[in-house]
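These notes are about the structure you will find just below.
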Amino acid sequence: MQKSRHSGAQSAISSFSGPHVAVIMDGNGRWATAHGLTRSAGHEAGLRTAREIVEASVREGVGTLTLYAFSSDNWKRPTPEVTALMRLFRRALLGEAKRCLENGVRLTILGRRDRLPSSLRHTIEQVEALTASGARMHLRVAVDYSARDAVLRAAAALRGDGVTREQFSELLARVDHDRLPACEVDLLIRTGGEQRLSDFLLWECAYAELLFVEKMWPEFTADDLGEALADFRGRNRRFGLAPEQVAS
Ligand code: FPP
């Protein structure tokens with residue numbers, strides 16, 4: 001995480017050094033349609049891109065990478081698409097676990113678990129245990145994730161009053177099965193041309209730099225990530241301060 005001495009909003013610092021990049025991987029379906037393919041083929045292509053971007057993120061020194069794979073609202077999609085996605089997630093986790101382990105990547109899943117197929121839940125537990133020692137980069141995949149629901153569940157878990165932002169961040173992580181505190185997003189990238197947050201990491205994005213990319217997710221490359229990070233490094237982050245205070 002890029003450290004800020006200035007922001008009261010900065011919450012618990014993750015142990016992974018390097019920026020926290022969050023990605024809304026949008027555009028698989030439109031990319032597939034444009035290429036005469038099924039939506040499922042679009043998600044398969046999206047998975048290939050996700051692999052490439054995970055590898056590139058490790059090389060680029062990203063500390064935490066959070067990928068939005070399935071929102072709680074995505075349950076409303078046609079059942080065959082949802083079923084295919086759940087199968088794809090399980091296959092992806094099984095396929096990636098060893099590579100994560102070899103590359104020092106800790107892989108965790110963020111979101112509700114109670115509505116996932118039990119086979120996927122079981123795989124998540126296996127993969128999280130296998131990669132728990134990874135210290136180079138934290139890869140979080142958000143599945144059945146809703147930021148607003150997470151805030152509501154964290155608020156419901158509050159005891160007494162006077163909670164700090166740090167304590168709330170910890171609660172927020174805990175309700176979504178992340179043992180590490182919810183860390184602030186430094187850079188949020190959304191592919192697919194839309195410019196919205198779609199219920200993703202609303203608390204954690206309080207001071208995120210936003211980057212909206214026209215390319216569909218399957219077209220996004222390691223070079224695009226490199227450019228996004230270069231753009232991010234050139235930004236002037238002020239966290240509410242006046243420009244002169246930040247320059248000093
Ligand atoms: C959004 O595109 C994408 C999804 C809902 C699924 C994302 C899943 C992957 C990329 C697979 C990666 C999996 C792992 C485990 C990292 P869309 O279908 O909304 O596209 P559209 O807006 O063009 O219809």
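Counting starts at 1 for both ligands and their atoms, following the listed order. Small disclaimer: the values here were computed from a predicted structure and weren't measured.
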Residue, atom name and distance, where the atom is the protein heavy atom closest to atom 14 (C) of ligand 1
L47 CD1, 4.0 Å
Using links of under 4.5 Å between side-chain heavy atoms of ILVMFWY residues, direct or through other members, which residues join L130 in one cluster?
L101
Hey, is the main chain of W217 close enough, under 3.5 Å, to the side chain of D26 for a donor-acceptor pair?
no
Mind checking side-chain contact (heavy atoms from CB on, under 4.5 Å) for H177 and listing every partner two or more places apart, or none if nothing turns up?
R113
Can you tell whether the side chains of R106 and E128 come within less than 4.0 Å, N to carboxylate O?
no
Quick check: does any side chain N or O of E52 sit under 3.5 Å from a backbone N or O of A222, one acting as donor and the other as acceptor?
yes
Any L88 heavy atom less than 4.0 Å from ligand 1:
yes
Are any of the N/O atoms on N74, whether in the backbone or the side chain, positioned under 3.5 angstrom from an N/O atom of ligand 1?
no
Does D26 reach ligand 1 with a nitrogen or oxygen that is under 3.5 Å from one of the ligand's nitrogen or oxygen atoms?
yes
Can you find an N or O of R39 that's nearer than 3.5 Å to an N or O of ligand 1?
yes
Using heavy-atom distances only, which candidate in E81, R30, R77 approaches atom 18 (O) of ligand 1 most closely?
R77
Regarding ligand 1, does G29 bring an N or O atom to under 3.5 Å of one of the ligand's N or O atoms?
yes
Strictly distance-based, threshold 3.5 Å: is any side-chain N or O of H20 a donor or acceptor partner for the main-chain N or O of C183?
yes
Output the list of atoms in ligand 1 that are nearer than 4.0 Å to some heavy atom of G46, sorted by atom number.
10 (C)
Ligand 1 versus L93, non-hydrogen atoms closer than 4.0 Å: side chain, backbone, both, neither?
neither
If the cut-off is 4.0 Å to any non-hydrogen atom of A69, which atoms of ligand 1 fall inside it?
4 (C), 5 (C), 6 (C), 7 (C), 8 (C)
Could you tell me whether D114 and R121 have a side-chain N and a carboxylate O separated by less than 4.0 Å?
no
Looking only at protein heavy atoms, which one is nearest to atom 3 (C) of ligand 1, and how far off is it?
M25 O, 3.3 Å
Here the atoms of ligand 1 under 4.0 Å from any heavy atom belonging to A92 are 15 (C)
For the pair S198 and R190, evaluate side-chain hydrogen bond (donor to acceptor under 3.5 Å, both in side chains) and give the outcome as yes or no after the intermediate values.
CA-CA 10 Å; S198 300; R190 180 176 187 139; 2.8 Å; yes
Closest approach of any protein heavy atom to atom 10 (C) of ligand 1, naming residue and atom:
N28 ND2, 3.3 Å
